[in-house]
Amino acid sequence: MTRYNFKTVELKWRQRWEEAGAFRTGEDKDRPKYYILEMFPYPSGRIHIGHVRNYAMGDVVARYKRACGFNVLHPMGWDAFGLPAENAAMQTGEHPRKWTYANIEAMREQLKSMGLSIDWSREFATCDPEYYAHQQRLFLDFWKMGLVERRESYVNWDPVDMTVLANEQVIDGKGWRSGAPVERKKLSQWFFKITDKAEDLLAALDDGRLSGWPDNVRLMQRNWIGKSKGARLKFRFAGAAPKRFDGIEIYTTRPDTLFGASFVAVAPDHPLAAHFAKDDPELSVFIHECQQTGTSEEAIEKAEKKGKRLPVEVEHPFAPGKTLPVYVANFILMNYGTGAIFGCPAHDQRDLDFVRKYGLPVIPVVLPPGADPKTFAVEDEAYAGPGTLFNSGFLNGLAVEEAISTAIKRIEDLGLGAGATNWRLRDWGVSRQRFWGCPIPAIHCGKCGVVPVPEKDLPVKLPELDASEFSIPGNPLDRAEGWRDVPCPECGGRARRETDTMDTFVDSSWYFARFAAGRPDKPVEKADADYWLPVDQYIGGIEHAILHLLYARWFTRAMKDTGWLSAEEPFARLFTQGMVTHATYRDKKGAWLSPDEVVSRDGKVVTIAGEPVIVGAIEKMSKSKKNVVSPERIAETYGADAARWFMLSDSPPERDVEWTEDGVAGAWRLVQRIWDVVEPARGALKAHDLSKPPAKGSEADLYLRRATHAAIAGVTDDIEHFRFNKAIARIYEFLNALKKAPPMTKADGTPAMGARAEAFAQAEALSALTRLIAPFIPHLAEECWETLGGEGFVCDAPWPKADPALLVRETVTLGVQVNGKRRAEIEVPAEADAKAVEEAALSDEAVKRHIDGKTIRKVVVVPGRIVNIVAG
RNA sequence: GCGGGUGUGGCGGAACUGGUAGACGCGCGGGUCUCAAAAACCCGUUCCCUCGGGAGUGUCGGUUCGAUUCCGACCACCCGCACCA
């Protein structure tokens with residue numbers, strides 16, 4: 001018996017696959033297609049273990065679908081623009097381009113060493129001019145269609161990265177990448193109008209177009225889009241109106257509670273606040289404070305509602321003569337609704353907190369079911385539930401829902417406003433004041449305004465800059481005169497290029513279409529895109545549940561509008577895999593230790609030198625906690641197959657998996673065990689025609705054949721449902737059955753004397769085993785296939801089919817319960833009728849013991865499942 | 001605060017539509033081999049126990065012949081959103 005040497009074997013098969021072009025995507029469009037895609041990586045320079053898990057999952061699906069006869073597209077590329085390259089340039093003086101492409105080289109090799117069935121001929125990086133040129137073309141098309149807009153707006157400014165951040169990139173008031181507190185700044189920005197598609201982006205979540213998405217992701221998107229229904233309503237000023245203001249327009253979802261209004265409030269950024277702040281230093285200070293705290297220290301600020309009274313009052317729309325005070329309040333957001341509200345403290349907790357502080361009245365107008373209108377009062381808790389209107393003039397007696405529509409109707413009749421829908425979703429600001437991104441193809445001319453770069457002048461390539469430029473803060477493009485200053489394409493006068501580049505989320509919003517249908521002369525070839533899109537299965541991290549996926553969905557719609565695609569949605573099915581975690585270790589001084597620095601001795605974890613180690617929580621692998629393991633070292637020690645196997649074996653794919661050395665060692669043992677079973681059967685596939693099972697066969701043959709076909713059926717079903725951990729458990733089960741199989745018979749029925757190659761049942765089992773493991777551990781599978789004498793590559797071999805006749809059992813083992821407790825097991829023919837089963841159960845010795853002296857009241861027989869005897 | 005999810009051996013986790021709880025792996029215990037150890041292989045492994053049983057899927061209750069599964073209440077943890085009017 002030879003020892004399996006993964007190092008030489010894995011390398012051998014990767015070379016053979018490459019030489020044969022085994023994973024080139026076929027041009028055969030008559031076959032059903034299957035587009036499997038994993039979120040492409042950022043080229044940081046090295047793959048981490050999370051990539052191994054992500055790409056191993058995709059590869060299982062890709063190889064499985066290929067074996068099932070699909071025309072499979074499984075491409076790979078690089079999300080290559082972005083800040084780290086500029087940061088590296090700052091530190092090392094290396095040009096971002098050089099750094100990025102060197103990283104891609106390194107990572108490609110690492111990915112290839114995993115043995116992924118990727119069509120590398122379609123590879124590209126988003127920083128290739130051949131890619132971003134087309135992105136600029138799409139930008140121009142969108143601009144023509146009115147999907148792009150340029151406007152002034154407050155932006156989230158990251159003072160460390162010196163760039164604008166999308167709202168989605170601000171987490172707890174801090175930049176998602178730098179972690180620095182975000183400041184507010186007013187700039188002219190480019191926007192993609194994703195709010196134009198809000199209705200459809202929302203509708204598709206529930207109308208079946210995204211039925212292949214996990215519920216939690218759909219829910220997160222729904223919340224993010226944040227549709228709400230209510231009304232816009234203008235409050236007129238009581239007395240003289242301030243200059244250029246004819247009222248305060250508010251947005252509310254509860255127009256039914258208008259009779260309970262006790263104030264109106266506007267956001268600190270509201271024009272009305274600014275108007276009064278001019279002559280009121282105290283107010284001005286207050287507004288400034290709100291703006292400071294608006295994006296940070298949310299925990300402190302959250303609790304306290306603060307406001308400043310403005311020197312105006314407004315008229316109540318429904319109660320002539322009644323007036324309400326107007327405040328600037330810190331809890332009103334300018335960028336939601338109209339930046340102004342009316343406050344109804346009895347039915348809104350924030351408003352209640354606010355009026356308690358400023359001594360305004362609390363008027364309940366919704367009476368909870370069963371409450372007494374004479375005694376019902378709101379103390380510390382606002383009532384937001386259902387009920388009947390009271391204290392509310394013409395709304396009295398109506399239920400909340402009716403009252404809302406009645407109030408809206410009245411508002412419309414009075415000409416003060418109308419029913420309105422409001423969205424939390426805001427347009428996508430794509431301008432970034434950075435160098436390493438896709439240039440926005442626009443030119444600013446003093447005479448002609450903002451002019452698109454003519455299509456013939458595309459691509460607008462990034463200029464060659466000296467690496468030293470990157471050590472100066474700000475955007476190097478602003479200083480690149482030779483690149484920046486150009487004649488206006490319309491009037492020929494002096495003009496300047498747009499120096500903003502696009503958010504890198506733009507790059508990843510259409511790369512899947514480029515993979516499927518890219519052409520040198522255009523972004524996508526529609527016929528190809530129509531064949532391949534949507535992506536049948538997309539796999540990636542849950543961290544992209546909102547941003548990337550929402551942007552890609554919008555982009556797909558925009559590309560449809562501009563005639564590039566027909567697909568409605570980019571990703572038919574989505575799978576979000578869990579993270580890879582690892583225990584954390586610290587020494588006695590509290591410093592983090594990497595897993596390489598600790599060992600387990602006598603059941604205790606110590607440093608290599610024998611110092612005690614504190615074992616901490618199991619957490620997501622991160623550099624700061626040093627609990628990372630390097631895929632390269634693992635591949636060195638255990639091989640790519642073992643690493644892939646372990647990544648898929650331990651936990652359900654959607655859950656986090658803990659990386660353990662014992663676990664991967666177990667996977668390595670499995671690789672050896674399979675080889676030990678296969679190797680003695682050298683040439684077995686040449687000795688048998690597997691399509692013609694022999695008529696004769698021993699009990700042992702039948703037992704093994706049943707195990708084989710049960711494994712085929714089970715593994716197939718598990719892969720189809722993304723239950724890789726269960727598929728692996730079944731393979732183990734099958735392997736155990738195979739190893740325990742007693743001596744088999746040859747095709748002619750004579751004993752095979754234990755020689756595995758001679759027995760049909762064993763050859764069939766090994767053939768199935770090899771094909772079943774191929775998606776998971778492809779190198780070993782090829783080696784087994786070759787050893788067994790299979791034809792060609794196992795990656796080209798058809799997926800095995802289970803014979804239904806071998807899946808049904810002749811006898812079944814049933815549990816027998818007495819009063820719901822299992823007391824015995826009986827073996828009965830599979831098609832035995834209820835009466836026969838009942839008799840068998842009642843005659844069982846253990847059962848007799850338990851029903852002794854009792855009256856049998858009822859016997860429940862569930863065929864093939866269980867017998868329950870009710871006795872008392 | 002709102003929304004969603006998860007609780008099963010020492011650990012990761014199985015259990016199809018309400019039908020034998022703990023598949024499979026890890027760990028652990030025992031054995032074979034060895035001068036010895038490692039590796040490998042084999043056997044065992046939910047807990048308690050008087051070996052006949054008893055208890056058991058976060059807690060309490062309900063529905064049912066039968067509940068990890070369905071319903072109600074509670075507890076714990078995780079995730080998302082968060083002054084969204």
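In what follows, chains carry the letters A, B, and so on, assigned in the order in which the sequence lines appear, proteins first and then strands, with residues in each chain numbered from 1. Just so we're clear, the structure is a prediction, and the values are computed from it rather than from any experiment.
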What nitrogen or oxygen pairs link the protein and nucleotides 2-10 of chain B at under 3.5 Å?
none

Does the separation of the ring centres of A/Tyr358 and A/Phe263 fall below 6.0 angstrom? no
Looking at B/C42, B/G54, B/C84, which one has an atom nearest to any side-chain atom of A/Lys739? B/C42
Which nucleotide in the list B/G80, B/G54, B/A85 gets nearest to the side chain of A/Thr252? B/A85
Syn or anti for B/G9, given that syn means the glycosidic angle lies within 90° of 0? syn
Consider ring pair (Phe, Tyr, Trp, His ring centres under 6.0 Å). Of A/Trp668, A/Phe776, A/Tyr638, A/Trp659, which one does A/Phe646 pass it with? A/Trp659
Whole Å only: how far is the CZ atom of A/Phe646 from the C1' atom of B/G27? 13 Å
Taking the C1' atom in each of B/C75 and B/G22, what is the distance between them to the nearest angstrom? 25 Å
Considering only the P atoms, how many Å lie between B/C41 and B/C26, rounded to the nearest integer? 10 Å
Contacts of type side chain to side chain contact (heavy atoms under 4.5 Å, CB included), residue A/Glu825, not counting sequence neighbours: A/Thr813, A/Arg822
Round to the nearest Å and state the distance from A/Arg426 atom CZ to B/A82 atom P. 9 Å
On RNA chain B, more 5' by nearest nucleotide between A/Trp668 and A/Ile542 is A/Trp668
Using the P atoms only, state how far B/A23 lies from B/C47, rounded to an integer number of Å. 12 Å
Between A/Asp656 (CG) and B/C77 (C1'), how many Å, whole number? 14 Å
With rounding to whole Å, what would you report as the distance between B/G10 and B/C48 at their P atoms? 9 Å
In dot-bracket, 5' to 3', how would RNA chain B read with Watson-Crick or G-U wobble pairs under 3.5 Å, [ ] for crossing ones and | for pairs to another strand? (((((((..(((......[....)))((((((.......))))))(((....)))..(((((..]....))))))))))))....
Counting any heavy atom closer than 4.0 Å, what does A/Arg222 reach on the DNA or RNA strands: base, sugar-phosphate only, or nothing? nothing
Distance between the C1' atoms of B/A67 and B/U50, in whole angstroms? 32 Å
So what does A/Ile250 hit on the nucleic acid, given a heavy-atom distance under 4.0 Å: a base, only sugar-phosphate, or nothing? nothing
Do A/Asn422 and A/Arg232 touch side chain to side chain, with heavy atoms closer than 4.5 Å? yes
Look up atom OH in A/Tyr551 and atom CD1 in A/Ile194, then write down how far apart they are to the nearest 0.5 Å. 6.0 Å
In Å and rounded to the nearest 0.5 Å, what is the OG1 to NE2 distance from A/Thr716 to A/His721? 11.5 Å
Expressed as a whole number of Å, how far does the P atom of B/C83 sit from that of B/G1? 15 Å
Against the side chain of A/Arg849, the closest entry in B/C81, B/G52, B/G54 is B/G52
Which of B/C65, B/C42, B/G80 is nearest the side chain of A/Ile546? It is B/G80
Residue closer to the 5' end of RNA chain B, A/Lys821 versus A/Asp351 (nearest nucleotide): A/Lys821
Can you tell me which nucleotide in B/A85, B/G53, B/A14 comes closest to the side chain of A/Pro652? B/A14
If we take the P atom in both B/G3 and B/G72, what is their distance in whole Å? 15 Å
Does A/Ser392 reach the main-chain N or O of A/Leu389 with its side chain, forming a donor-acceptor pair under 3.5 Å? no
Euclidean distance, atom CD of residue A/Gln349 to atom C1' of B/A85 [Å, nearest integer]: 14 Å
Quick one: A/Phe724 CZ to B/A14 P, roughly how many Å, whole number? 14 Å
Contact check, side chains of A/Ile225 and A/Arg424, non-hydrogen atoms, under 4.5 Å: no
Answer yes or no: is there a side-chain heavy-atom contact under 4.5 Å between A/Thr421 and A/Ser228? no
I want to check one thing: is the phosphate of B/A85, taken as OP1 and OP2, less than 4.0 Å away from some side-chain N or O of A/Tyr251? no
For A/Asp348, give me all partners under side chain to side chain contact (heavy atoms under 4.5 Å, CB included), at least two apart in sequence or on another chain. A/Arg350, A/Asp351
Would you mind reporting whether A/Phe724 and A/Val60 have side-chain heavy atoms less than 4.5 Å apart? yes
What residues form a side chain to side chain contact (heavy atoms under 4.5 Å, CB included) with A/Met334, not counting sequence neighbours? A/Ala267, A/Asp269, A/His270, A/Pro271
Closest to the A/Arg350 side chain, choosing from B/G52, B/G54, B/A85: B/A85
Is there a side-chain contact between A/Leu574 and A/Pro214 in this structure, where contact means two heavy atoms from C-beta onward sitting under 4.5 Å apart? yes
Mark up nucleotides 17-26 of chain B, 5' to 3', with B wherever a protein heavy atom is under 4.0 angstrom from a base atom, S wherever such an atom reaches only the sugar-phosphate, and - elsewhere. --BBS-BSSS
Rounded distance in Å between the C1' positions of B/U68 and B/G7: 11 Å
dist A/Ile728:CD1 -> A/Arg723:CZ (nearest 0.5 Å) comes out at 13.5 Å
Give the rounded distance in Å between these two atoms: CE of A/Met334 and P of B/A85. 16 Å
Starting at CD of A/Glu543 and ending at P of B/C78, how long is that distance when rounded to a whole Å? 19 Å
Rounding to an integer number of Å, can you tell me how far A/Asn422 CG sits from B/C84 P? 12 Å
